[in-house]
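Before any comments, here is the structure.
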Amino acid sequence: MNDLSRRRFLKISGTAVGVAAAATPLARTARTLAGEPAPVSGIQKIPTFCDICFWKCGAIAYVKDGKLWKVEGNPLDPLSRGRLCPRGTGGVGAHTDPDRLRAPLMRKNKRGEEVWTQVTWDEALGFIAEKMQKIKAAYGPEAVALFSHGLGGNFLKHTLKAYGSPNIAAPSYAQCRGPRDAGFRLTFGEDVSSPERTDIRNAQCLVLIGSHLGENMHNTQVQEFAEAVENHASIIVVDPRFSIAAGKAKYYLPIKPGTDLALILAWMNVLVREGLYDKEYVAAHGFGFEQFAATITPYTPEWAYPETGIDPGTIRVTAREMGRYRPSTLVHPGRHVTWYGDDTQRSRAIALLNALLGSWGRKGGFYAPVTMDVPGYPYPPYPTPAKPKVDNPDHRYPFAHETITTGIREATTTGKPYPVKGWLVYATNLLHALPNEAETIKAIQNLDLLVVVDVIPSEIAGWADVVLPESVYLERHDDLNVEWFREPFVALRQPVVESPHDQKPNWWIARKLAEHLGLGQFYPWNTIEDYLQHRLNAAGLSYEELKKAGIIRGTPQPIYFDEGVPATFSTPSGKIEFYSLQLHKAGFDPVPKYRRPEAGPSGYLRLLYGRAPVHSFSRTHSNRILSDMMPENEVWLNPIIAGKFDVRNGAYVRLKNQDGVVSNRVRVLVTERIRPDCVYMVHGFGHTSRGLRHAFGKGASDAQLITRYATDPLMGGTAMNVNFVTIETQGA
Ligand code: SF4
């Protein structure tokens, strides 16, 4: 039974919340694609939701005398609660970015040379459709794959399914949260989902393991973190780097990189040995506790000390702190968890630790998310693909439940289990998102067609045959946002201003491509507003209300076991699996076991990377408002290392990795806030795309240095914290 069908699809009353009095519909501000502009003056406030990252915060866009002025949070929206993060506030810069893609482009020279001919939309889409038909005739429709990130990819997914391909993937799985979701599924039978079902604001003890909330700016979580701090929650931070979150912690544990699983096992050992776990909860809902307890017996704090560098006393004190506040102790599952290759087992250990604390389904732990019941559009059925997905032949990664991007890449290179000849890439810069750029470029050489749809000329766009410029989120409609969250709601993205050049919304691109492919019957609606209206009407909701408010909230529902949510678990035993029958059957450790991570070459430092509060991946560096706040990244060096290499704070260096790859020059931040066995940098900088004139060459690219990765044997995730660098001061 799939995850969605197990959850509670809750009908809502359909009552809209109060409508923003000053909100005005789009038609008075900007013309639709077919219509003419209406004259405007004064200030208009138009609700929509943000797309600077994928969190989809409800926003109000202000238009002053017909021009986009500012973007603020929509107070009606439960995700943003009236406040945007710094990136969302800088959303205006996405609209005004002078480096944006302006018109469809077709490759003129060799792939990667970035020499283009500007063409019409008809020419571009006609070319793509012809190539896709040729690929279909020669190899079958499965030979075209889509890489997509975010809600905007929904319509392209629809077109590709109508074309007949099942190969649709997002880096957000195998390069990010996949191991976490696999680990929690194996334990509780359900994903953590996104937005995460973490009840941070009610946590009395919050444990963050390598999760740097506040730098990793998921708006709702950061706001809830601030509430937890204000409520004097006891905060425990485990990180080789003293993050912003560590600055709020009662206990900061500067762990040796790669040894987190050892610490978690030792914590569980203390909880069980000292009887501090939730015995009643475990007895009622647990399966295989005896085998679990026996397996973790050797993992004492004394055993963990030489592995982790955390002294036994601190391990005991922090374990007791967690036990003291249970079940309102939340050990955060993290989000970007593809670190060392044991990531599913580490995530499963985090799930088990939460299970011991009784926090799953409990206030201050993990709530049971709810959603609005908004049916999908009644499209004709898709053709059944003749071949299974290409990414995971023979289920070599038995616990992968989404498509593995790097599996598609591998099939593209090898032609096995069958050839992949076309890539459609929507809003994801694959050269920065996938590990080992050279492998991605090698796969690209085997393609007959590479199409990139994006708003900026990202690195992957530079390798495309056809580049299609998308309108930014403030200029377009998108599909409805119907989240699983702590309360049900539906949100609308609607255009606020016109696209400045010949950019088009994703739904228009996907629909036109379908028409060029002879699949027009899969788009039976006349306009995007007809589509949206149809879905809302089917849910008993008013499109007019949604246009005015941006959000319709449903009736709050119970979200904790203690409020009557049934404590059910979709695992083989129907219980929380302390001992996993599925893992046992597949030949993996049924209870996580620790294996020491591989060390780097002598004298090299482990390369760690993370997020900044003012940027999203590699997609915001040409946004002038955001780049003004952070134009380049820095490499963090411990003073011992800085002394060894004789570099000063603010100096520029280059990083050389274990395979001899040398980075751009990057400025040094000398700080005690990082251990001497690793370096840290913010992800996504060091652009090489010539079209990104403003961001070109600023900072260093972690992606370029990530030439190695370890594949998670359970679900195929690519762990990237397995690269090591040394410092080069010459020529920087
Ligand atoms: S977290 Fe920030 S960037 Fe992401 S959607 Fe929300 S406001 Fe926008």
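One-based numbering, in listed order, for ligands and for the atoms of each. Every value quoted in this text rests on a predicted model; they were computed, and no experiment measured them.
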Should you measure from each heavy atom of [X], which atoms of ligand 1 turn up under 4.0 Å away?
{"X": "K56", "value": "5 (S)"}
{"X": "R87", "value": "1 (S), 2 (Fe), 3 (S), 4 (Fe)"}
{"X": "N219", "value": "1 (S), 6 (Fe)"}

What is the closest protein heavy atom to [atom], and at what distance does it sit?
{"atom": "atom 8 (Fe) of ligand 1", "value": "C50 SG, 2.3 Å"}
{"atom": "atom 4 (Fe) of ligand 1", "value": "C53 SG, 2.3 Å"}
{"atom": "atom 6 (Fe) of ligand 1", "value": "C57 SG, 2.3 Å"}

#### Entry: cation_pi(K56, F49) dist<6.0 Å, angle<=45
no

### Message
Please state which option from H615, M217, Q223, Q221 has its nearest heavy atom closest to atom 1 (S) of ligand 1.
### Response
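The residue whose heavy atom sits nearest atom 1 (S) of ligand 1 is M217.
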
### Task
Answer whether the closest heavy-atom distance between the side chains of P495 and H477 falls below 4.5 Å.
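Yes, at least one pair of side-chain atoms sits under 4.5 Å.
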
### Task
Calculate, to the nearest 0.5 Å, the distance between atoms CZ and CG belonging to R102 and D502 respectively.
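Rounded to the nearest 0.5 Å, the CZ-CG separation comes out at 11.5 Å.
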
### Query
Out of curiosity, S618 OG to H683 NE2, how far, rounded to the nearest 0.5 Å?
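The OG atom of S618 sits 5.5 Å away from the NE2 atom of H683.
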
### Query
Can a salt bridge be assigned to the pair D479 and R535 using a cut-off of 4.0 Å between side-chain N and carboxylate O?
yes

### Query
Is atom 2 (Fe) of ligand 1 under 2.8 Å from any N, O or S atom of C85?
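Yes - counting backbone and side chain alike, C85 has an N, O or S atom under 2.8 Å.
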
### Task
Could you tell me how the ring of W636 sits relative to the ring of Y680: parallel (under 30°), tilted (30 to 60°) or perpendicular (over 60°)?
perpendicular

